[in-house]
Amino acid sequence: MKCFGIKNVFAIEYELYNSNNGSLEVWVDNKSVCNFLKDGEIYKYKWDLVYVIEWLCKNKDNIINEIGFPLQVKAETSIEFYNKSGEFDSDDADEFDEWFEKRQEWYFRHSWYSNRGGSYLPDILFRRVNDKIEVEWDNSVLYDGINFINPKGIYYVDISLFQQVINGFVEDFFIQISNYTEGNKILEKLNQID
């Protein structure tokens, strides 16, 4: 498996099996975030990695450039912001809809879970905090019958390392899939992402 980054800080490791399928591991503070236990066996995350790449291409700039949560909520971490913002209530239907639309849009830009394509992808939130990227996850009860090896965690990664890891992973993925006929079609689609 190719590894981008430093496992005891932040790294992405992957192996491509064909033009889109492969295995993926995210390392944060020397903890495996993607490996899970099912029916007594440990599994690596294996799926169509284009879903992850597509999400990263669409959202890496949002993660790096957005400062602050878009709603007035007192919280310290990504998961707290998301959970506490879900407690909002209003008799004004428009206000209620606007609140939850902003909440959902933020979540889609900061968690790749929404782009999992039916897989057992862990829910990881990425958020800028000053000159760091907060990487937080709580996958304690995400899927029935699945127990992640490291279900919860939070760590702050230097922005430059985060960018280096994400860009290295995405660029290498593009190079690897270009070796496949089908991969070139995928590249064309990915290159159209704003």
Side-chain angles (χ1 to χ4, degrees), residues 1-5 7 10-29 31-60 62-63 78-79 82-83 103-127 133-155 157 162 165-180 182-193:
M1 291 181 74
K2 289 189 175 188
C3 185
F4 300 89
K7 287 184 182 182
F10 177 67
I12 294 179
E13 207 174 23
Y14 89 106
E15 180 178 2
L16 201 58
Y17 304 141
N18 56 37
S19 64
N20 57 322
N21 293 304
S23 61
L24 175 77
E25 183 55 76
V26 175
W27 293 92
V28 180
D29 192 23
K31 294 177 183 84
S32 160
V33 180
C34 296
N35 287 347
F36 58 89
L37 188 68
K38 181 179 179 185
D39 299 326
E41 287 190 49
I42 295 176
Y43 290 91
K44 289 182 178 186
Y45 176 79
K46 296 179 181 178
W47 201 253
D48 182 342
L49 299 184
V50 172
Y51 287 103
V52 172
I53 293 292
E54 179 181 49
W55 186 86
L56 288 170
C57 289
K58 283 181 184 176
N59 294 293
K60 65 182 176 175
N62 296 323
I63 295 164
S78 296
I79 291 174
Y82 187 72
N83 289 342
R103 177 180 185 256
Q104 199 64 33
E105 286 174 359
W106 181 88
Y107 179 75
F108 287 160
R109 290 190 312 271
H110 293 272
S111 170
W112 63 17
Y113 182 72
S114 62
N115 212 42
R116 70 188 178 282
S119 71
Y120 292 131
L121 186 67
D123 189 3
I124 304 173
L125 288 101
F126 305 93
R127 175 179 74 105
I133 299 296
E134 176 188 81
V135 182
E136 185 178 21
W137 67 98
D138 182 353
N139 298 304
S140 303
V141 291
L142 193 59
Y143 303 108
D144 288 336
I146 299 295
N147 294 305
F148 285 89
I149 304 303
N150 293 294
K152 292 174 84 169
I154 188 169
Y155 198 77
V157 178
F162 181 81
V165 169
I166 299 303
N167 291 338
F169 169 50
V170 170
E171 289 167 13
D172 191 76
F173 184 86
F174 285 177
I175 291 166
Q176 296 306 314
I177 66 169
S178 70
N179 295 321
Y180 299 92
E182 192 63 32
N184 288 312
K185 293 176 187 172
I186 294 168
L187 274 174
E188 285 177 27
K189 178 184 170 196
L190 292 172
N191 283 324
Q192 294 174 3
I193 294 173

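Below, each value reflects all heavy atoms present in this structure, side chains not excepted, and no hydrogens, waters or symmetry copies. Bear in mind the structure is a predicted one, so any value in this text is a computation, not a measurement.
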Subject >> Check against side chain to side chain contact (heavy atoms under 4.5 Å, CB included), Ser23 and Tyr17 >> reply: CA-CA 8 Å; Ser23 61; Tyr17 304 141; 3.2 Å; yes
Main chain of [Y], side chain of [X]: is a donor-acceptor contact present, judged purely on distance under 3.5 Å?
X      : Y      : value
Trp55  : Phe108 : yes
Glu25  : Cys34  : yes
Glu13  : Val26  : no
Asp138 : Ser140 : yes
Asp29  : Lys31  : no
Tyr51  : Ser114 : no

**OP:** For side chain to side chain contact (heavy atoms under 4.5 Å, CB included), just list the numbers for Phe169 and Leu56, CA-CA rounded to whole Å, side-chain angles, deciding distance to a tenth of an Å, and then say yes or no.
**Re:** CA-CA 10 Å; Phe169 169 50; Leu56 288 170; 3.7 Å; yes
If you take all heavy atoms of [X] and [Y], which pair is closest and at what distance?
X      : Y      : value
Phe174 : Cys57  : CZ-SG, 3.9 Å
Asn18  : Leu16  : O-CG, 2.9 Å
Leu121 : Leu142 : O-CD2, 3.8 Å
Pro122 : Phe148 : CB-CE2, 3.7 Å
Gly5   : Ala11  : C-CB, 3.8 Å

Interatomic distance, [X] atom [atom1] to [Y] atom [atom2] [nearest 0.5 angstrom]:
X      : Y      : atom1 : atom2 : result
Gln104 : Arg109 : CD    : CZ    : 11.0 Å
Asp172 : Ile53  : CG    : CD1   : 9.0 Å
Leu24  : Phe173 : CG    : CZ    : 10.0 Å
Glu136 : Leu125 : CD    : CG    : 6.5 Å
Ile12  : Cys3   : CD1   : SG    : 9.5 Å
Ile154 : Ser78  : CD1   : OG    : 7.0 Å

Original post:
When the ring centroid of Tyr43 is compared with that of Tyr120, is the distance short of 6.0 Å?
Top reply: no
Subject >> Distance flag, aromatic centroids of Tyr155 and Phe10, threshold under 6.0 Å >> reply: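 Between Tyr155 and Phe10, which both carry aromatic rings, the centre distance is not below 6.0 Å.
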Original post:
Between Arg116 and Ser119, is a side chain to side chain contact (heavy atoms under 4.5 Å, CB included) present by the stated rule, with each step listed?
Top reply: CA-CA 5 Å; Arg116 70 188 178 282; Ser119 71; 3.8 Å; yes
**OP:** Please list, chain by chain and in numerical order, all residues satisfying ring-ring contact (aromatic ring centres under 6.0 Å, His included) with Trp106, sequence neighbours excluded.
**Re:** Phe69, His110
Original post:
Taking the side chain as C-beta and beyond, is there a heavy-atom pair between Tyr14 and Leu49 under 4.5 Å?
Top reply: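 They are in side-chain contact.
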Subject >> Close side-chain approach of Val157 to Glu134, heavy-atom, < 4.5 Å >> reply: no
Subject >> Evaluation steps, side chain to side chain contact (heavy atoms under 4.5 Å, CB included), between Val33 and Tyr45 >> reply: CA-CA 10 Å; Val33 180; Tyr45 176 79; over 6 Å; no
Going by atom types only, do [X] and [Y] share a side-chain donor-acceptor pair under 3.5 Å?
X      : Y      : value
Asp123 : Tyr143 : no
Lys58  : Asn115 : no
Asn20  : Tyr180 : no
Ser111 : Tyr82  : no

Subject >> ring-ring contact (aromatic ring centres under 6.0 Å, His included) partner of Phe126, the single match among Trp137, Trp112, Tyr113 >> reply: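 It is Trp112; the other options fail the test.
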**OP:** Check whether more than 12 heavy atoms from other residues, nucleotides or ligands sit under 6.0 Å from atom CD1 of Ile42, and answer yes or no.
**Re:** no
Original post:
Would Lys44 and Glu15 pass as an ion pair if we require N to O under 4.0 Å?
Top reply: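 Judged by the 4.0 Å cut-off on N to carboxylate O distance, Lys44 and Glu15 do not form a salt bridge.
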Original post:
Who passes side-chain hydrogen bond (donor to acceptor under 3.5 Å, both in side chains) against Trp47, sequence neighbours left out?
Top reply: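 By the side-chain hydrogen bond (donor to acceptor under 3.5 Å, both in side chains) rule, Trp47 matches no residue at all.
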